[in-house]
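Take a look at the structure below.
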Number of protein chains: 2
Amino acid sequence: MTRWLDDDEQHAWRSFLAASQVIQEELDRQLQRDSGMPHAYYAVLVRLSEAPERRMRMSELAAGVNSSQSRLSHAIARLEERGWVRRLPCPADRRVSWASLTDAGHDVLAAAAPGHVEAVRRCLFDRLTPEQTGQLAAICAAVLGERRS
Amino acid sequence: MTRWLDDDEQHAWRSFLAASQVIQEELDRQLQRDSGMPHAYYAVLVRLSEAPERRMRMSELAAGVNSSQSRLSHAIARLEERGWVRRLPCPADRRVSWASLTDAGHDVLAAAAPGHVEAVRRCLFDRLTPEQTGQLAAICAAVLGERRS
DNA sequence: TCAGTTTAGTTGAACTCTCAAGTTCTTGGG
DNA sequence: CCCAAGAACTTGAGAGTTCAACTAAACTGA
């Protein structure tokens, strides 16, 4: 009844799991060590820094970093404690909050970025040919495509 | 100074992050919902079930599931509470513990496996061509290869 | 109008993971 | 033989994530 994985799939699956874990852990460790934040928080700062006026609605921001609303809410609370983000009420719809990157947050991000990019290169792109980089993008696009529910 | 990511790399990187997060979360949710355990614990049970006599030293097991010793120690403590794993002292070297899969643990694993494989297919292999499966394996092998430190 | 539904976001508890420190045991050189 | 160094594992505290429940505000249609 169950369609088990064949040998190729089994191998690809285990390699994928190991590789994605190794990358996640390496990035988390690097950012925690050098900038005192987990990768998820870094992603929030990046996304905010790219938004017009460096601010976004909580739910947009959550979608933009693949996070649940709850997780983002906790994360923003932490980032607010550190003075890197501020919450602003939205006059047009009072259910909505804006998250806004502060100047201090922007500075922290600018300081963290070079080391982070270096880590990304070291654990991913330095190990791939340009052709493989393209293949990876296509594979990930297929995984993300037409996602239901 | 910093070698920033070019457009292709930027795109590949963000796709990869999103895809691997989506897959991780989907699997975690499925296993938690249907079998009451996180994916990391499932991996421990799988690895143990494949070992001779269904038991392994803690440090081998940790390496086998890409886990730190500390994380594994906590995980085995939980799994032991549920009666799915037992710890056995090693007579030859008294620093060593064996983790051993119980019959109950084996049954739980057997019950969890079909739903898990189905989820893996749904979120990964059903979306890839066989060629892409091979490419993914090669890419992940490159990421994992010759890892120092 | 207003009751019911949907949307936005927050909160608290339970759980997992990380990091640093600690315990117990083995090993290797003097 | 003995002690310092290293190895195997555990522990506890702190931090992040998840889930379900909750508040508050905005729609919807009868």
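Chain letters run A, B, ... following the sequence lines, proteins first and then strands; every chain starts at 1.
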field: side chain to side chain donor-acceptor pair (under 3.5 Å) partners for Q24(B), two or more places apart
entry: none
- line: So, with a heavy-atom separation below 4.0 Å from DNA chain C, the residues of residues 105-120 of chain B are none
In one Ile/Leu/Val/Met/Phe/Trp/Tyr side-chain cluster, 4.5 Å: L17(A), L5(A): yes
message: Holding to side-chain contact (heavy atoms from CB on, under 4.5 Å), I want the full list of residues that pass it with A43(A), two or more places apart in sequence or in another chain.
response: V65(A)
message: Without decimals, in angstroms, what is the distance between E80(B) CD and dC9(D) P?
response: 14 Å
- prompt: By side chain to side chain donor-acceptor pair (under 3.5 Å), which residues pair with E50(A), not counting sequence neighbours?
  reply: R14(B)
- prompt: Hey, is the main chain of R29(A) close enough, under 3.5 Å, to the side chain of Q32(A) for a donor-acceptor pair?
  reply: no
message: Whether the side chain of S20(B) engages the backbone of F16(B) through a donor-acceptor N/O pair (distance < 3.5 Å, no angle test) should be reported.
response: yes
- prompt: Pairs in or reaching into residues 41-67 of chain B: which pass ring pair (Phe, Tyr, Trp, His ring centres under 6.0 Å), with residues at least two apart or in two chains?
  reply: Y42(B)-H116(B)
- prompt: Is it true that V46(A) and M58(A) fall in one hydrophobic cluster, defined by side-chain heavy atoms closer than 4.5 Å?
  reply: yes
query: Considering only heavy atoms, which members of residues 22-37 of chain B lie under 4.0 Å from some atom of DNA chain C?
result: none
- prompt: For residues 39-51 of chain B, which residues have at least one heavy atom under 4.0 Å from DNA chain C?
  reply: A40(B), Y41(B)
- prompt: In residues 66-75 of chain A, which residues come under 4.0 Å of DNA chain C by heavy atom?
  reply: Q69(A), S70(A), S73(A), H74(A)
message: Check for me, please, whether W98(A) and V85(A) land in the same ILVMFWY cluster - side-chain distances under 4.5 Å, paths through other members count.
response: no
Protein-to-nucleotide contact annotation, 5' to 3' order, nucleotides 22-28 of chain C [B base; S sugar-phosphate only; - none; under 4.0 Å, heavy atom]: --BBS--
task: Mind calculating the distance between CD (E81(B)) and C1' (dC15(C)) to the nearest angstrom?
output: 11 Å
query: Which residue pairs pass the ring pair (Phe, Tyr, Trp, His ring centres under 6.0 Å) test when at least one of the two sits in residues 47-87 of chain B, sequence neighbours left out?
result: none
task: Using salt bridge (charged side-chain N to carboxylate O under 4.0 Å, His left out) as the criterion, list what pairs up with R94(B), not counting sequence neighbours.
output: none
query: OP1, OP2 of dA8(D) versus side-chain N and O of S97(B): anything below 4.0 Å?
result: no
- request: Please step through side-chain contact (heavy atoms from CB on, under 4.5 Å) for the pair V117(A) and R3(B), ending with a clear verdict.
  value: CA-CA 8 Å; V117(A) 170; R3(B) 295 181 303 144; 5.9 Å; no
query: Taking atom C1' of dC9(D) as reference, at what distance in whole Å does atom CD of E60(B) sit?
result: 14 Å
message: Holding to side chain to side chain donor-acceptor pair (under 3.5 Å), I want the full list of residues that pass it with D34(B), two or more places apart in sequence or in another chain.
response: Q30(B)
message: Using whole Å, what does the distance between atom C1' of nucleotide dA7(D) and atom CE of M58(B) come to?
response: 15 Å
- request: Check the pair E80(B) / R87(B) against salt bridge (charged side-chain N to carboxylate O under 4.0 Å, His left out), numbers first and verdict last.
  value: CA-CA 8 Å; E80(B) 212 172 9; R87(B) 267 187 251 238; 3.1 Å; yes
- prompt: Under 3.5 Å, is there a donor-acceptor pair between the side chain of Q132(A) and the main chain of T129(A)?
  reply: yes
- request: Nearest whole angstrom, please: distance from the P of dC17(C) to the CZ of R78(B).
  value: 10 Å
message: I need the CZ-P distance between R57(A) and dA25(D), as an integer number of Å.
response: 16 Å
- prompt: When you measure from the side chain of E9(B) to the backbone N and O of D6(B), does any donor-acceptor pair fall under 3.5 Å?
  reply: yes
